[in-house]
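Below, read A as the first sequence line, B as the second, and so on, with proteins coming before strands; counting in each chain starts at 1.
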Protein chains: 2
Amino acid sequence: MLAPAPPPDRCSCHGLRKATRHLTQFYDRHLHPVGLNIGQYALIGRLAARGPIAMTAFAEVMGMDRTTLGRNLHPLERDGLVTIAPDPEDRRSRRLALTVEGQARLAAARPLWSAAQDDLECRFGADRAQALRVLLAELLATDLA
Amino acid sequence: MLAPAPPPDRCSCHGLRKATRHLTQFYDRHLHPVGLNIGQYALIGRLAARGPIAMTAFAEVMGMDRTTLGRNLHPLERDGLVTIAPDPEDRRSRRLALTVEGQARLAAARPLWSAAQDDLECRFGADRAQALRVLLAELLATDLA
DNA sequence: TTGCAATAGGTGTATATACGCCTATTTTGC
DNA sequence: GCAAAATAGGCGTATATACACCTATTGCAA
C-alpha cells in the first residue's frame with residue numbers, strides 16, 4: 001500500500017519550493033556522472049536548440065533573471081561548454097553559443113536526463129507527472145505582476 | 001480570452017524550477033514591506049507551530065537540507081527573530097525557538113502572506129492552485145532515493 | 001545633429017542550496 | 001566501563017537567485 005499522502009502545504013509557494021528542492025536533488029544525482037546539474041543541463045540543452053542568442057533574450061526563454069543567467073553561465077564558460085562573444089551588429093549585446101565540447105557534453109548527458117525522467121514517471125506516475133507539467137506551464141503563463 | 005498556454009516543459013524538473021522562480025518573486029514582492037522573503041516567512045511560521053525544536057528535526061519538517069537550514073537561520077538570528085540555544089539535555093543539539101520579536105514579525109507578515117495567497121488564487125484559479133498543492137504534496141511523498 | 005530615452009549587460013551585495021568533510025557528543029555492544 | 005557506531009551540527013566550497021545601481025551603446029526626435 002502507498003504511503004498516506006501528507007496534507008498539502010497551505011502555502012502554494014512553500015510547497016513548490018520544497019518540491020523543487022526534492023526533485024532537483026533527484027535529477028542532479030542522475031546527471032552527476034557527466035559533471036552537470038539539472039540547471040546547467042537545461043541551459044545548454046536550450047542553448048543548443050535556440051542557437052546563438054543574446055543574453056536578455058535567452059534569459060526570457062529560460063524564465064530566469066538576466067543577472068542570474070549571467071552568473072550561471074560563468075562555470076559553463078570556464079569549462080569550455082559555452083562561449084560568450086560580443087555581437088558585431090550591436091556592441092552592447094553578447095551572443096551565447098554552445099561549443100563543440102558543449103555539444104558533446106550535452107550528448108553525453110541526454111541519456112542520463114532521459115533515465116531520470118523515466119525514473120520519475122515510474123515512481124510518481126506518468127499521468128501525475130504530465131498533469132504537474134501542464135499545471136506548471138499554466139502557472140508560468142499566469143501574469144503575476 | 002486567456003493567453004494560450006505555452007507547451008509544458010518536457011523536463012518536469014526544469015518546469016518546476018522555472019515556476020518556483022516565478023512564484024517566489026511574487027510572494028517576495030507581497031512580503032517585502034515587512035522585510036521577509038517567503039523562505040524566511042515559512043521558516044518562522046513553521047517554527048512558531050512546532051515550538052522549540054532541534055535543527056535536524058526542523059530541517060526534516062521543512063523538507064530542506066540540514067546545512068541549508070543552518071545557513072538560512074543566520075539572518076533571522078542576527079535580526080533577533082529566532083534564537084539558537086544549546087540543549088542542556090544533549091550538548092550536541094541546539095534548540096531553535098522564535099523570539100517575541102519573531103512572533104511580532106510573523107503576526108505582521110501573516111496578512112501579507114494571506115493577500116499573496118488570495119491574489120494567486122484569483123489570478124491562477126483556486127481550483128488549479130489546490131490541484132497543484134495536492135500534486136506537489138504527492139511528489140514530496142514520493143520516494144526518490 | 002545632438003541630446004535624451006531606451007536597451008544590453010555587468011557589479012555589489014545578500015540570501016539560498018547542498019555536497020563532502022570535520023568535531024563533539026551520545027549511544028550501544030561486548 | 002570502554003571502544004566503536006551513531007548522531008548533532010558546523011565549515012569550506014561551489015553554484016543559484018535576484019535586487020539596486022552602474023556603464024556603454026543604440027535609436028529616436030526635436
CG of A/D65 versus P of C/dG9: gap in Å, rounded?
-> 13 Å
In whole angstrom, give the distance that lies between atom CG of A/L69 and atom P of C/dT11.
-> 14 Å
Take the protein atom CZ of A/R17 and the nucleotide atom C1' of C/dT15, then report the distance between them rounded to whole Å.
-> 10 Å
Going by the side chain to side chain contact (heavy atoms under 4.5 Å, CB included) test, name the single residue among A/L47, A/T99, A/L96 that passes it with A/V82.
-> A/L47
Okay, side chain of A/D143, backbone of A/A145: is any donor-acceptor separation there less than 3.5 Å?
-> yes
What about B/R71, does its side chain sit under 3.5 Å from the base of D/dG12 through a donor-acceptor pair?
-> yes
List in numerical order all residues of residues 27-42 of chain A for which some heavy atom is under 4.0 Å away from an atom belonging to DNA chain D.
-> A/N37, A/Q40
Apply ring-ring contact (aromatic ring centres under 6.0 Å, His included) to the pair B/H30 and B/F26, showing each step before the final yes or no.
-> CA-CA 7 Å; B/H30 271 278; B/F26 174 75; 4.8 Å; yes
Using atom CG of B/L23 as one end and atom C1' of D/dT17 as the other, report the distance to the nearest whole Å.
-> 15 Å
Using a cut-off of less than 4.0 Å, is there contact between a side-chain N or O of B/T68 and OP1 or OP2 of C/dA16?
-> no
Presence of A/R78 side-chain N/O under 4.0 Å of D/dT15 phosphate oxygens OP1/OP2 = yes
Please give, in whole Å, the distance from D/dA14 P to A/L76 CG?
-> 16 Å
From NE2 of A/H14 across to P of C/dA16 the rounded distance in Å is 12 Å
Start with the C-alpha gap between B/R91 and B/D87, add the side-chain angles, then the distance that decides, and say whether salt bridge (Lys or Arg N to Asp or Glu O under 4.0 Å) holds.
-> CA-CA 6 Å; B/R91 280 183 299 169; B/D87 181 348; over 6 Å; no
Summarise how protein sits on nucleotides 1-10 of chain D as a single string, 5' to 3': B when a protein heavy atom is under 4.0 Å from the base, S for sugar-phosphate-only contact, - for no contact.
-> -----BBSBB
Is a salt bridge present between A/R17 and A/D9, judged by a nitrogen-to-oxygen distance below 4.0 Å?
-> no
Between A/D79 and B/T24, which is nearer to the 5' end of DNA chain D once each is assigned its nearest nucleotide?
-> A/D79
Yes or no on side chain to side chain contact (heavy atoms under 4.5 Å, CB included) for A/L144 and B/F124, after CA distance, side-chain angles and deciding distance?
-> CA-CA 9 Å; A/L144 297 181; B/F124 184 48; 5.8 Å; no
Evaluation steps, side chain to side chain contact (heavy atoms under 4.5 Å, CB included), between B/F58 and B/L43 = CA-CA 9 Å; B/F58 193 52; B/L43 278 176; 3.8 Å; yes
SB check A/E121 A/R133 (cutoff 4.0 Å) = yes
Return the value, rounded to whole Å, for the distance between atom CD of A/E60 and atom P of C/dA8.
-> 11 Å
Any B/N72 side-chain N or O less than 4.0 Å from OP1/OP2 of C/dT15 | no
To the nearest Å, how far apart are A/M64 CE and D/dT15 P?
-> 15 Å
A/Q25 side-chain N/O to C/dA18 phosphate OP1/OP2 under 4.0 Å = yes
Below 4.5 Å, heavy atoms only, C-beta onward: do A/L136 and B/L132 meet side chain to side chain?
-> yes
